[in-house]
Every structure is written in structure tokens, then in C-alpha cells.
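Heads up: the structure comes next, in C-alpha cells.
Chain identifiers are assigned alphabetically (A, B, ...) following the order of the sequence lines, protein sequences preceding nucleic acid strands; residue numbering begins at 1 within each chain. Given the structure is predicted, the values throughout are model-derived calculations rather than measurements.
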Number of protein chains: 2
Amino acid sequence: MTADGAPKRTVSEARAAAVLNAGVDGAGAWQSVFVDDGKNTIASQLVERLREAIVSGQLEAGAKINLDRAREIFAVSLSPLREALARLIPDGLVIFEDNRGYRVAPVSVTDLREITRLREEFETLALRQATSVAPPEWEGDVMRALHRLNTAERNPADPATLERWEALHREFHLTLLAGCQMPLLLGFCRTLLNLNDRYRRSFLVRTSGDRNVSVEHSEIAQGAVARDADFACERLREHIHRTGSNLAAHLSDRIAP
Amino acid sequence: MTADGAPKRTVSEARAAAVLNAGVDGAGAWQSVFVDDGKNTIASQLVERLREAIVSGQLEAGAKINLDRAREIFAVSLSPLREALARLIPDGLVIFEDNRGYRVAPVSVTDLREITRLREEFETLALRQATSVAPPEWEGDVMRALHRLNTAERNPADPATLERWEALHREFHLTLLAGCQMPLLLGFCRTLLNLNDRYRRSFLVRTSGDRNVSVEHSEIAQGAVARDADFACERLREHIHRTGSNLAAHLSDRIAP
DNA sequence: TTATCAAAAATAATCGATGATTTGTCAATC
DNA sequence: GATTGACAAATCATCGATTATTTTTGATAA
């Protein structure tokens with residue numbers, strides 16, 4: 001651990017949302033993030049904090065990240081801040097230009113379309129591979145992730161439940177893919193999932209009424225553990241496609257193409 | 001530009017290869033890299049220098065990167081060095097662990113297999129898309145890249161020609177894919193190409209006698225500009241697959257699986 | 001009024017020094 | 001002889017201050 005310990009951060013945390021995108025939305029679901037799970041250094045913790053701030057929409061898309069202000073808000077020095085930002089570039093959440101500093105990556109409908117399209121390709125590829133090479137434990141992992149997701153409450157009035165649902169949803173998809181035993185492909189899928197979550201959490205109020213997402217997830221999972229690649233992949237593809245279309249519809253009302 | 005200018009760097013350059021992997025292979029093809037093409041900051045230049053050092057095999061796979069030594073060798077301070085290394089993580093060339101520092105990413109046959117497999121999937125996806133959406137100029141770009149590649153000398157006795165050929169080869173593949181108009185997919189392909197180049201440049205002495213690589217490239221290019229997706233993609237897939245098998249054969253003699 | 005340039009302010013990039021953690025060494029103990 | 005623990009050295013991480021670059025401001029001239 002560092003010398004000064006955690007408390008100071010939690011305090012400055014709350015200010016972060018308020019100051020950085022001055023007074024847009026107040027309620028920060030910040031506090032839940034700090035569970036020091038092996039990420040010892042300030043830079044590493046900062047990566048997670050910044051990622052959450054961007055994915056959750058608390059850091060506005062396209063906004064410039066003023067280093068001095070951010071340094072003060074997060075109560076860190078420049079070195080770990082710059083390093084953390086650099087590590088978010090590959091995730092597609094931050095963009096950088098020499099002597100011009102860092103910005104939050106912008107969002108657009110075409111970007112979302114590409115994410116959706118690539119998710120369809122990559123995730124079905126990974127799932128197909130998983131159904132053929134994953135060890136038996138994988139099936140249990142999938143069913144557990146499914147159960148935890150389906151039993152999680154999702155109350156629009158309570159942001160904490162929404163955030164928990166998001167985490168479990170992400171966990172479900174990654175567990176599904178993890179069986180493929182291809183670390184690079186998994187990394188790409190994780191990146192795309194990150195990017196996609198950002199759109200959903202920023203722009204989707206609730207999923208459209210004509211879908212039963214729980215059923216969709218259950219079908220995918222059952223196909224997967226039955227090692228029925230064609231069925232599982234087809235369901236997964238539909239699931240991704242629907243989510244993408246849904247989001248794109250919401251999105252095009254709100255931002256430029 | 002920085003105040004002190006370029007000369008100092010070129011000098012320290014030569015030492016870099018010698019010191020970092022102490023006396024493994026002497027001949028450095030370093031000098032050619034410094035053409036300050038818009039990359040103004042030390043950190044950005046360092047990214048390119050380090051990338052070249054790793055991809056070319058001058059920085060040994062799996063080796064620890066001692067910050068103090070590297071700092072001295074490259075004649076920079078810690079801040080840009082750390083930042084440059086952080087930016088290479090997403091490319092899969094550098095790995096990092098809290099409080100344990102940076103290492104050159106290791107190589108393995110399974111890693112190479114995955115790279116090859118994913119290149120087959122991603123590059124054919126991109127090429128198929130390109131044949132359907134790329135603008136007319138793209139065809140000219142492809143043919144030019146092909147011509148430059150096919151007329152480049154490749155003399156095993158002269159490392160400079162080999163390096164130039166590598167650059168043109170990379171350029172050809174990227175030009176081919178660039179027509180797809182999908183920035184994320186292009187980024188993934190670029191990453192995979194980087195990783196693949198590293199294996200080729202480190203482990204492949206020469207391509208096996210039963211291949212005529214020029215012809216392979218020409219067929220791919222001609223299929224592409226004719227907008228014959230099936231033909232072009234099939235040739236591309238074979239090309240990638242052959243290169244991968246070839247490399248894997250060389251590799252398994254030399255390192256652990 | 002608009003355009004242009006120079007100075008000033010703001011911001012980004014880098015450095016050298018300091019603090020924290022890991023790794024290596026060696027004696028004491030079982 | 002192997003193991004443990006404390007110390008020392010090496011290495012990594014962070015900070016505050018300095019330097020370089022970009023952006024803004026404001027005065028001048030067309």
C-alpha cells in the first residue's frame with residue numbers, strides 16, 4: 001500500500017464527477033470501486049477509476065482532460081496520471097495527441113455500428129471455439145454466471161442495482177468467451193465489450209419492451225454448455241445484434257452520426 | 001523539437017542494442033528509424049524506437065526491462081520512458097506488473113498459432129469489406145504498394161534491404177485492409193501484423209523454397225482490385241496460413257512450445 | 001471591422017530527487 | 001543442511017519543480 005492510504009481518495013472521488021463535467025449529473029456510484037484487489041500502485045488504481053468514470057459516462061465523451069485539474073481532483077501527481085491515461089488508449093477509451101494532451105474518446109453511431117459488427121464476429125468465433133475446447137469446469141462457470149445475472153435485481157430507481165447488473169452482465173459474457181483459450185481474441189472481445197458497455201450505460205435508459213433479455217441469455221448459455229455451437233452462436237449473434245440496433249436507435253436521437 | 005536536438009540520440013542508439021541484450025548480436029539497423037515525422041515528444045519517439053527494438057528482436061523476448069539502465073541507454077528521463085512502455089502494452093509487445101516493472105513480451109508457438117488464426121479471420125473480414133466499400137483510389141493504392149514491394153531488393157547479406165522489404169510488406173498488407181473503413185478492425189489487424197512481424201523478423205531466416213511470395217501477393221492484389229472478394233480472401237487466407245506454418249516450423253526448433 | 005503579430009497565460013512534457021517495494025544476502029536457529 | 005528473519009542493495013513508483021509548447025489575449029495596422 002501507499003503511505004497515505006485509501007480514505008483521501010474516496011473523498012476526492014466525489015468531487016471528481018462534480019468538477020470534471022461540471023454539474024451535469026450529480027449521483028456518483030464511485031465508492032464501490034475501491035477494493036484494492038491486488039492493484040497496488042496509484043497508477044493502476046487510477047486506471048480503474050478513470051475507466052469507470054468514462055464507461056459510466058461521468059466523463060463526457062470527447063471532452064478534453066485537463067491534466068492539472070485532473071491531477072488535483074484525483075489527488076495524484078502527474079506521473080501516475082499520465083501513465084494511467086496512456087494505458088487506457090489501447091482500450092479505445094482515451095485518445096492522445098502530442099503536445100495536445102488526452103481526451104475522452106468521442107462517441108458516434110458509426111463507431112457503435114462497428115463495435116456491434118465486430119462483436120458479432122469475434123464473440124461468435126470465441127464461443128464456437130469454446131464449445132469445442134473448453135474444459136468441463138467451464139460449463140459450471142457459465143451456468144453460475146447466468147444464474148447470478150438472472151437473479152440480480154435491476155431497479156431503475158436505484159443506480160447501485162444497475163451498476164451491479166452491468167458488472168454481472170459483463171461477467172456473464174466474458175465467462176462465456178473465456179473457454180476459448182485464446183488470450184489475444186479474449187483481449188479484443190474484452191475491449192469491444194468495454195466500448196459497448198459505455199454506450200449502453202450512457203445512452204440506454206432501459207431495454208425495449210419486446211425483449212426478454214433473461215431468456216436470451218439463458219438460451220445462449222444452454223446452447224453453450226450443450227456444446228451446440230451453431231445454436232449458441234446464432235443466439236449470441238442475435239442478442240448482440242438486437243442490443244446494437246436498440247442502442248443505435250436511442251443514440252441517433254441524441255448525438256451526431 | 002526538443003532543445004538538444006537529434007544527434008545525441010543517434011549516438012546512444014548504437015549503445016542500446018549492445019548493452020540491453022549484452023553482446024548477443026552486434027549489427028543494429030537502428031539509424032534508419034529517426035525521421036521525426038511529426039512525432040514531436042520524446043515519449044512518442046521512444047515508442048517507435050522501442051517498438052522497432054522489440055519487433056526486430058534486438059530486445060530479447062521475455063527479458064526484463066531495467067528502467068535505470070534503459071533510461072541511461074536511451075538518454076531520456078524516467079517519465080517518457082515509462083509512458084512509452086505503457087503505450088506498448090496494448091500492442092502486446094510489453095507486459096507489466098505492479099511493482100515488478102516491464103518486460104518484453106515472451107514468444108511461444110501457441111501464441112504464434114493464435115496470431116495466425118486471428119489474422120486469417122480478421123484480415124479476410126477486412127478485405128471482404130474493403131472489396132465492397134473501398135473507394136476507387138484504393139485500387140490504385142493497392143497496386144502501387146504491390147509494385148513497390150515486388151520491385152524491392154531482398155538481399156540476405158544486406159540487413160538494410162531486408163528491413164526495407166519488411167516495411168513495404170507491412171505497408172502492402174495494411175493498404176489492402178485500409179479500404180474496409182473500419183478503424184477498430186484496422187487497429188486489431190495492425191496489432192496482429194506487428195506481433196507477426198516480430199516472429200518473422202526474429203525467427204525466419206528465409207522463406208521456404210517452394211513458395212513464390214511475389215506471386216501470392218500479386219494474386220491477392222488482383223483479386224482485390226477486381227472486387228472479387230471470394231478469390232482475394234481465399235488467396236489471402238492461404239498466404240497467411242502458409243506464412244504461419246512456415247514460421248511455426250522454424251520456431252519449434254528454437255524455443256519451448 | 002478584420003487580420004496579424006507579439007507578448008502573456010495556460011497547458012503539456014520532462015527532469016532530478018525522494019519515497020516505497022521488492023530482491024538479494026547472510027547470519028542465527030532449528 | 002535447510003529455514004527463517006533482519007538487514008542492505010537494487011529497483012520501481014511518485015512527487016515537486018523546471019522547461020517547452022500551444023493557446024489566448026490584446027494591441028496595431030490595413
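Note on Lys64(B): every side-chain N or O is 4.0 Å or more away from OP1 and OP2 of dT11(D). Dashed line: the shortest gap from a side-chain N or O of Asn99(A) to OP1 or OP2 of dA12(C) is not under 4.0 Å.
Rounded to whole Å, atom P of dT11(C) lies 15 Å from atom CZ of Arg82(A). Put simply, CD on Glu83(A) is 7 Å from P on dA13(D), counting in whole angstrom units. Taking atom CG of Leu46(A) as the reference point, atom P of dA13(D) lies 14 Å away to the nearest angstrom. The CG atom of Asn66(A) sits 7 Å away from the C1' atom of dT11(C) (whole-angstrom rounding). The CG-P distance, from Leu81(A) to dT14(D), rounds to 11 Å in whole Å. Residue Asn40(A) contributes atom CG, which lies 15 Å from atom C1' of dG19(C) at whole-angstrom precision. In this structure, the CG atom of Leu67(A) is 4 Å from the P atom of dA12(C), given to the nearest Å. Regarding Arg71(B), its CZ atom lies at a distance of 15 Å from the P atom of dA10(D), rounded to whole Å.
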With the criterion being N/O to N/O and under 3.5 Å, what pairs connect the protein with nucleotides 5-7 of chain C, and how long is each?
none

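Between Trp165(B) and His169(B), the two ring planes are parallel [angle under 30°; tilted spans 30° to 60°]. Aromatic ring orientation, Phe122(B) versus Phe122(A): parallel (interplanar angle below 30°, classes split at 30° and 60°).
The cationic atom of Arg87(A) (NZ for Lys, CZ for Arg) lies less than 6.0 Å from the six-membered ring centre of Phe96(B) and within 45° of the ring axis.
Each of Leu78(A) and Ala43(A) was assigned the nucleotide of DNA chain D with the nearest heavy atom; the assignment lying further toward the 5' end belongs to Ala43(A). Each of Ser79(A) and Gly101(A) was assigned the nucleotide of DNA chain C with the nearest heavy atom; the assignment lying further toward the 5' end belongs to Gly101(A). Residues Phe96(B) and Arg100(A) both approach DNA chain D. Their nearest nucleotides, taken by heavy-atom distance, put Phe96(B) toward the 5′ side.
Within residues 85-95 of chain B, no residue has any heavy atom closer than 4.0 Å to DNA chain C.
Residues Cys189(A) and Arg119(A) fail the side-chain proximity criterion, which asks for heavy atoms closer than 4.5 Å.
Taking a 6.0 Å sphere around CZ of Arg113(B), one finds it holds 12 or fewer heavy atoms contributed by other residues, nucleotides or ligands.
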Arg148(A) and Glu171(A): salt bridge (Lys or Arg N to Asp or Glu O under 4.0 Å), yes or no, with the steps? CA-CA 10 Å; Arg148(A) 300 200 330 148; Glu171(A) 180 72 18; 5.6 Å; no

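Each of Glu163(A), Gln58(A), Glu166(A), Glu52(A) was scored for a side chain to side chain donor-acceptor pair (under 3.5 Å) with Arg201(A), with one residue passing: Glu52(A).
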